[in-house]
Amino acid sequence: MNIEMYTSQRCSFCNNAKALLQKKNLDYSEINISESNEKMREMVERSSRMTVPQIFIDGKSIGGFTEFFEKHRAGELPER
């Protein structure tokens, strides 16, 4: 499973998503849009959304923290 997450600095939802990923011991790539307008444009192009976090699993956008947490509650995320 390949997990990518677009984040920004001082984002509580981003921090919550990272904490959940760490709790489940899942590896992920973090792309901080605070440091790059290009990365922000990339995120909007891929997700059609301007809010963070934006989370992708195996290249597919699943949305933000709310959608990610719902996948967790539904048991749709693996644990290591």
Once you round to the nearest 0.5 Å, how far does [atom1] of [X] lie from [atom2] of [Y]?
X   : Y   : atom1 : atom2 : result
T7  : F65 : OG1   : CZ    : 14.0 Å
Y6  : S61 : OH    : OG    : 10.0 Å
K18 : L26 : NZ    : CG    : 15.5 Å

Anything under 3.5 Å between a donor and an acceptor, one on a side chain of residues 71-78, the other on a protein residue two or more places apart or in another chain? List them.
unit_1 : atom_1 : unit_2 : atom_2 : d
K71    : NZ     : E76    : OE1    : 3.2

*Report the residues that fulfil salt bridge (Lys or Arg N to Asp or Glu O under 4.0 Å) with R41, sequence neighbours left out, ordered by chain and then residue number.*
none

How close do [X] and [Y] get, counting heavy atoms only, and between which atoms?
X   : Y   : value
I57 : I62 : CD1-CD1, 3.9 Å
A17 : I55 : CB-CD1, 4.2 Å
S8  : C14 : N-SG, 3.8 Å

Who are the side chain to side chain contact (heavy atoms under 4.5 Å, CB included) partners of [X], not counting sequence neighbours?
X   : answer
E67 : R49
Q9  : N32, S34, E35
K39 : I31, I33, S36, E42

*Show the numbers, then the answer: is there a side chain to side chain contact (heavy atoms under 4.5 Å, CB included) between M40 and M50?*
CA-CA 8 Å; M40 181 173 180; M50 295 187 68; 3.9 Å; yes

*With hydrophobic residues grouped by side-chain heavy-atom distances under 4.5 Å, do F69 and M5 end up in a single group?*
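Same cluster.
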
_If the condition is ring-ring contact (aromatic ring centres under 6.0 Å, His included), which residues does F68 pass it with, not counting sequence neighbours?_
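ring-ring contact (aromatic ring centres under 6.0 Å, His included) check on F68 returns nothing, list empty.
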
*Backbone of N2 reached by a side-chain donor or acceptor of D58 within 3.5 Å*: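 Yes.
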
_Using side-chain heavy atoms (C-beta onward) and a distance below 4.5 Å, is Y28 in contact with Q22?_
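Side chain of Y28 against side chain of Q22, heavy atoms only: contact under 4.5 Å found.
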
